[in-house]
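Okay, structure first, notes after.
Keep in mind it's a predicted model, so treat the numbers as computed, not measured. The first residue in the sequence is number 1, and the count goes up from there. For the numbers below, each heavy atom of this structure counts, side chains included, while hydrogens, waters and symmetry mates do not.
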Amino acid sequence: MTDHDRRSTGHQGNDEPQRYAGFHDPVHPPPPHAPAFPEPPAVPEPPAVPTRAGTRRRHRAGRPVGLITAVALAAAAVGGGAGALARELAGGDTAAAPSGVAGTAVSRAGTGTVAGVAQAVSPSIVEIGAATGSGQSTGSGVIITADGEVVTNHHVIADASEIEVRLGDGTTRTADVVGTDPGKDLALVRVRGAEGLKAAALGDSGTVRVGDQVVAIGSPEGLTSTVTSGIVSALDRDVTVSRDGGGSGRAQDRSSAYGSGWSGGDTGSSKTTYKAIQTDASLNPGNSGGALIDMKGEVIGINSAMYAPSAATGSTAGSVGLGFAIPVDTLKASLDTLRGD
């Protein structure tokens with residue numbers, strides 16, 4: 001039975017659903033004494049322009065379509081906004097992706113990878129061997145000029161009677177001390193007869209932030225051009241090292257730490273303290289004087305010390321993920337003094 005049949009044969013009382021919206025009250029038949037009204041005659045279509053009202057109807061014959069279109073467009077606009085909001089709240093794929101964390105773009109710029117940094121900067125890192133009255137020490141250095149200026153730690157070359165530098169190509173050259181700054185544990189040496197060396201780019205340690213990715217390059221235990229990587233784990237750490245080296249390069253970071261470039265002897269009585277960059281990049285004896293590098297391939301620090309358990313001494317000390325580097329801004333501020341200018 002169709003809906004029409006049901007409406008024809010079913011109950012026709014006031015509880016029947018109304019067909020047209022707006023008719024909410026039942027329609028009662030006229031009282032018995034009221035005369036029935038005859039069907040009104042058909043009203044002919046009025047002339048084209050008989051009155052102002054007719055004129056308005058004629059000129060606005062297309063208005064309902066335009067009005068419906070405008071309403072549809074408005075609804076679509078509102079619906080689109082609501083849909084986008086719903087997708088954003090629901091985490092839909094079409095929601096706009098959040099912008100990247102500030103600073104991550106730096107890691108994709110320039111050199112960008114540990115392998116790229118190592119390839120670009122390794123030719124600028126050298127191994128330094130210093131002969132002293134108490135033995136032989138091994139450290140690292142960073143070439144800063146094409147004619148052979150090399151920066152290292154003061155404790156690497158302190159009291160040295162002879163200094164040799166092994167370049168990236170494997171050749172060994174003699175070097176002379178240009179100047180030292182024991183208070184900052186920095187030294188500058190010059191390779192004799194050098195020219196056309198690849199100098200490292202000095203960066204800006206003032207822009208370094210905790211969490212930045214870094215690369216360390218040096219010669220731990222005489223293993224030339226060893227590359228390790230990590231992050232900056234803290235800034236402005238107070239690190240104390242011996243001014244005169246004393247053959248051990250032992251350092252202290254308010255507990256027990258060791259300079260990473262020496263292999264025997266006792267701690268000197270004269271010490272100096274400086275603010276250092278802390279990193280979890282692995283540093284071991286021999287890394288002292290090497291470079292701590294950012295992902296743009298720029299030197300941001302000179303590796304100088306590492307933490308080790310108090311029971312470890314000399315060459316038995318190893319990396320436990322707490323290394324320290326002198327900020328490169330400290331080096332740049334000291335270059336004129338080191339050069340004797």
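Cluster annotation: I217 is connected to V299 through the hydrophobic network of ILVMFWY side chains, with a link wherever side-chain heavy atoms come within less than 4.5 Å. Hydrophobic clustering (side-chain heavy atoms under 4.5 Å, transitive across Ile, Leu, Val, Met, Phe, Trp, Tyr) keeps V227 apart from I300. No continuous path of hydrophobic side-chain contacts links I231 to M295 [ILVMFWY only; heavy atoms under 4.5 Å]. At a threshold of 4.5 Å between side-chain heavy atoms, the hydrophobic network of Ile, Leu, Val, Met, Phe, Trp and Tyr places V121 and V208 in two separate groups. The hydrophobic clustering, which links ILVMFWY residues whose side-chain heavy atoms are closer than 4.5 Å, places Y274 and V142 together.
V114 has its side chain out of reach of V117: every pair of non-hydrogen atoms, C-beta onward, lies at least 4.5 Å apart. A heavy-atom distance below 4.5 Å is not found between the side chains of L235 and K275. Using a 4.5 Å cut-off on side-chain heavy atoms (C-beta onward), L335 and I144 make contact. S282 places none of its side-chain heavy atoms less than 4.5 Å from the side chain of M306.
Contact record, P327 with S205: CB-OG, 3.5 Å, taken as the closest heavy-atom pair. The heavy-atom pair separating T180 from A187 by the smallest distance is CG2-CB, 3.9 Å. Nearest heavy atoms, A118 versus P123: O-CD, 4.5 Å.
For the side chain to side chain contact (heavy atoms under 4.5 Å, CB included) test with T226, the passing option among S219, P220, S140, S122 is P220; the others fail. Partner of D185 under the side chain to side chain contact (heavy atoms under 4.5 Å, CB included) criterion, out of V239, N153, T152: N153 alone. Evaluated for a side chain to side chain contact (heavy atoms under 4.5 Å, CB included) with V150, the options L188, V126, I163 yield exactly one hit, V126.
Scored by the side-chain hydrogen bond (donor to acceptor under 3.5 Å, both in side chains) test, E149 finds R190, R339 as partners (sequence neighbours excluded). The side-chain hydrogen bond (donor to acceptor under 3.5 Å, both in side chains) search around T174 returns none, not counting sequence neighbours. Partners of D181 by side-chain hydrogen bond (donor to acceptor under 3.5 Å, both in side chains), not counting sequence neighbours: none found. Contacts of K198 classified as salt bridge (charged side-chain N to carboxylate O under 4.0 Å, His left out), with partners at least two apart in sequence or in another chain: none.
Interatomic distance, CD1 of I302 versus CG of L186, reported as 7.5 Å (0.5 Å rounding). To the nearest 0.5 Å, atom CD1 of residue I277 and atom CG of residue L292 are 6.0 Å apart. Distance check, rounded to the nearest 0.5 Å: CG of D236 to CD of Q278 gives 11.0 Å. Rounded to the nearest 0.5 Å, atoms CG (N284) and CG (N303) are 11.0 Å apart. Put simply, CG on L331 and CD1 on I326 are 8.5 Å apart, with the number rounded to the nearest 0.5 Å. Of the inter-residue distances, the one linking D238 atom CG with F324 atom CZ reads 10.5 Å to the nearest 0.5 angstrom.
No side-chain donor from either of T330 and K184 sits under 3.5 Å from a side-chain acceptor of the other.
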How far apart are the C-alpha atoms of V191 and V189, what are their side-chain angles, what is the distance that settles it, and do they pass the side-chain contact (heavy atoms from CB on, under 4.5 Å) test? CA-CA 7 Å; V191 179; V189 302; 5.7 Å; no

Output, in order, the C-alpha distance, side-chain angles, deciding distance and verdict of side-chain contact (heavy atoms from CB on, under 4.5 Å) for D329 and D204. CA-CA 6 Å; D329 288 355; D204 180 3; 3.2 Å; yes

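The closest donor-acceptor contact from the side chain of S334 to the backbone of T337 lies at 3.5 Å or more, if one exists at all. In this structure, S161 contributes its side chain and A131 its backbone to a donor-acceptor pair below 3.5 Å.
Within the structure, no pair that satisfies the salt bridge (charged side-chain N to carboxylate O under 4.0 Å, His left out) test touches residues 281-290, not counting sequence neighbours. The salt bridge (charged side-chain N to carboxylate O under 4.0 Å, His left out) analysis of residues 162-171, with sequence neighbours excluded, yields the pairs E127-R166.
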